[in-house]
Amino acid sequence: MYKVKEMGLFTGLFGGNQSEKKEEKVLPWIPLNSLEQLPQIEKASKSKLQVIFKHSTTCGISRMVINMFKDQYGFTEADADLYYLDIHNHRQISNEVGYKFQVMHQSPQLLLIKNGVMVAHASHGAITEVSLEQFV
């Protein structure tokens, strides 16, 4: 799915047309904002891949990686559930994800959960190298 995004003032000032529009890919994010969701994710992983993207809203690298991930992501809600975890607003949940799925915290970080266990994870630029297709 794509939505039209208006280009900003600086784009207009520095060589672009202010009325220029850019299509932005919109992913089917599910906000991960409750500890109660973790057992649900584990249970749902028995029938469908569960993907958790841990994102730092204050980190430029995290912002760059999430944009690259969005550009590459090609699945629907029928293929996988895609969770977004804002690590600053939900630090306790971020910590619990690490304990539950036995992975050291990093951000940005991608975790793939299948059959109740983490089957793959990556952080930083390596996120874009993960082949989600092999787990769907």
Any chance you could measure [X], atom [atom1], to [Y], atom [atom2], to the nearest 0.5 Å?
| X | Y | atom1 | atom2 | result |
| --- | --- | --- | --- | --- |
| M64 | H124 | CE | NE2 | 9.5 Å |
| M68 | E129 | CE | CD | 8.5 Å |
| S94 | Q106 | OG | CD | 11.0 Å |
| L38 | I93 | CG | CD1 | 7.0 Å |
| N89 | T57 | CG | OG1 | 6.5 Å |

Side-chain heavy atoms under 4.5 angstrom apart, residues restricted to Ile, Leu, Val, Met, Phe, Trp, Tyr: same cluster for [X] and [Y]?
| X | Y | answer |
| --- | --- | --- |
| L82 | L111 | no |
| V117 | V130 | yes |
| V136 | I113 | no |
| L27 | L85 | no |

Shortest non-hydrogen contact from [X] to [Y]?
| X | Y | value |
| --- | --- | --- |
| H88 | T58 | NE2-OG1, 3.0 Å |
| P28 | E77 | CB-OE2, 3.0 Å |
| H55 | S62 | ND1-OG, 2.7 Å |
| V65 | G125 | CG2-N, 4.2 Å |
| A44 | D81 | CB-OD2, 4.3 Å |

Anything under 30° is parallel, anything over 60° is perpendicular, the rest tilted; go ahead and classify [X] against [Y].
| X | Y | result |
| --- | --- | --- |
| Y73 | F75 | perpendicular |
| F69 | F53 | tilted |
| W29 | Y84 | perpendicular |

Given 3.5 Å as the limit, does a donor-acceptor pair link the side chain of [X] with the main chain of [Y], or not?
| X | Y | value |
| --- | --- | --- |
| N95 | Q92 | no |
| Q50 | Y83 | no |
| K114 | A120 | no |

With a cut-off of 6.0 Å (strictly less than), are more than 12 heavy atoms of other residues, nucleotides or ligands near CD1 of I61?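 Open: at most 12 neighbouring heavy atoms sit under 6.0 Å from CD1 of I61.
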Please check if atom NZ in K43 has more than 12 non-hydrogen atoms from other residues, nucleotides or ligands closer than 6.0 Å.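 Counting other residues, nucleotides and ligands, NZ of K43 stays at 12 neighbours or fewer.
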Is there side-chain contact between [X] and [Y], with heavy atoms separated by less than 4.5 Å?
| X | Y | value |
| --- | --- | --- |
| I41 | L32 | yes |
| V97 | Q109 | no |
| K54 | H121 | no |
| I66 | P108 | no |
| L49 | L112 | yes |
| Q102 | M118 | no |

I30 vs Q37, test: side-chain contact (heavy atoms from CB on, under 4.5 Å). Steps then yes/no. CA-CA 10 Å; I30 301 167; Q37 289 174 278; 4.2 Å; yes
